[in-house]
Amino acid sequence: MSTSRSKPVEVLSEEEAAEELARLAAEIAHHRDLYYRTDAPAISDAEYDALEARNAAIEARFPMLVRADSPSQRVGAAPSEAFAKVRHGEPMLSLDNVFDAGEFAEFCARIRRFLRLPADERLRFVAEPKIDGLSINLTYEDGVFVRGATRGDGIEGEDVTANLRTIADLPQRLKGTFPARIEVRGEVYMEKAEFLAFRDAQAKAAAEREHRRERGEKLGEAVVIPANPRNAAAGSVRQLDPRVTAARPLRLIAYAMGAASEAPAETHSAYLARLKAWGFRTNPLSRLLASEADAASFQAVIAEQRAGLSYDIDGVVYKLDRLDWQGRLGFVGRAPRWAVAWKFPAEQATTRLLAIEIQVGRTGALTPRAVMEPVNVGGVVVRHATLHNEDEIARKDIRIGDTVIIQRAGDVIPQVVGVVAEKRPRDSVPYVFPTACPVCGSHAIRPEDEAVRRCTGGLICAAQTVERLKHFASRRAMDIEGLGEENVELLFREGLVKSPADIFRLARDEARHLLLANSYHYLPQVDALRRRIADGAIGKLEHINCSFISVTRNVFTGTQGLSKWESAFFRPDRATWQDPAAGGGFAYGQLSHSLAL
């Protein structure tokens, strides 16, 4: 197996570089297809940017190895077969990225070298927040909207004219004077509040659909619950029925120009003013910068405002203001030489801390969790983040009401990495970690050699019991299909399951009625387990996937790898089998009451 993917670019041999470019071309094409065609990305924006950056770095070192299918030579992905194809009057280019002031300075230096400008010549840029939505191309003839298309592969896009007509922000006819024919580029997006309401509605619709499926109704396509506003907007525009699009809370901002029968302006800033006069919404945060030296301060200002914006952004786009210079610069590969996207630091955002919840685990560990105003971090809407333990809260001096910096650790678990001290409320007070369990009220102690405080309630603590039940039914233990966390909580709350043994005593009709009434899945595997036990087919339990338990044909044996609590439940000398017809099932006598769990 090749290890070229793990090697730094500077140490790759030519053969390894060619192999790595082939891999990257295939991998990036796959992720572009997921992002642009199915609106279901499998990786974060930061991970995708890292793939493209590695591809660009290898091509810069080995220019003779640039492939015909290189990501640097392509934009987006091929249009979907579900829509007619539309050829753009001018290609819809992608943008190169920079991530710090040094890279932006090098971008400006390349412009100066290409245009042969003196060092003291000012470069005026228009800075525009980069909205994370679906790029579209709108064609107007004699001031009338005639066609709308997605970016597609940059040359051809999907004809979504009928769907775009349903968006209120899109002017059907331009005002004032305008070119006889012009392409206007913009972004379709969802605001954060609208997205959260839409996603909640989709989740409820999905639950109701499942309820109907359980009743035996024949249903159509599954209800899609989008992961983030960008996916929601893109999926809404790509609906085959325009009435579905019309029901979605979509917005549109215009920001660029494609082909035009005549130049509507001499500068990009003047063109934005024309867009607004024609009836388009433009971004009020866009600014004309006097020189490139103002870019860093503008970037910092927008980064500070990011969390409070009504829509998601992942950076700022800087476009050279003079259109004649844009024309001279042209483009290289898939990107213009006159514009760049300055991305924010990967996977971070700021938001307000509303509360600190204390969660109680199956071992009694008290774990603090941050409850925050919703914020998009790396394409995922985050409401909660880990605070690790009381020492971390004290070390970072995290207080309720603070503006906090959120980061997705390893692109998976959101965590609070710091506090914006200058935004701290004047009446804030240091957080005091509880010394009693918030669930059962038992004393919570912290051993001298541990960073974790634990509830001493044991069996009387409902939180610990529920977490142990969740663990018992989880993939790492019994792997009981359908018995997820919500179902465990429901069954415990209703008094049907208080110990693992109760799972096998569930009365089928009672459990089914309860779960259906609450729009949850019925537990077919639990029912199968119950019936197997009822038939006394102990030997056949070996077919069940138990990650930690060795099962023989007759009895459970070999408890190596189990905790004391789990091992005890599977000791053959403690387990007894009772006739289910008499209300029995899998029984452990007084075991569950005598163990010090």
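Computed from a predicted structure; not experimentally measured. For the numbers below, each heavy atom of this structure counts, side chains included, while hydrogens, waters and symmetry mates do not. We number each residue from 1, following the sequence as shown.
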Any [X] side-chain heavy atom under 4.5 Å of [Y] side chain:
| X | Y | result |
| --- | --- | --- |
| Pro249 | Glu191 | no |
| Tyr189 | Arg230 | no |
| Gln464 | Cys455 | yes |
| Val416 | Ile406 | yes |
| Pro374 | Lys192 | no |
| Arg238 | Glu158 | yes |

State plainly whether the residues [X] and [Y] are in salt-bridge range, i.e. N to O under 4.0 Å.
| X | Y | result |
| --- | --- | --- |
| Glu489 | Lys470 | yes |
| Arg424 | Asp397 | yes |
| Glu392 | Lys396 | yes |

Exercise for review: Flag this pair as yes if the NZ/CZ of Lys498 is under 6.0 angstrom from the six-membered ring centre of Phe492 and inside a 45 degree cone about the axis; otherwise no.
Suggested key: yes
Straight-line distance of [X] [atom1] to [Y] [atom2], nearest 0.5 Å:
| X | Y | atom1 | atom2 | answer |
| --- | --- | --- | --- | --- |
| Leu134 | Glu187 | CG | CD | 7.0 Å |
| Leu24 | His31 | CG | NE2 | 10.0 Å |
| Phe344 | Arg306 | CZ | CZ | 5.5 Å |
| Phe195 | Asn228 | CZ | CG | 6.0 Å |
| Asp402 | Leu354 | CG | CG | 11.5 Å |
| Thr350 | Met372 | OG1 | CE | 11.0 Å |

**Study point:** Derivation of the side-chain hydrogen bond (donor to acceptor under 3.5 Å, both in side chains) call for Thr367 and Gln359
**Key:** CA-CA 5 Å; Thr367 304; Gln359 298 177 306; 5.9 Å; no
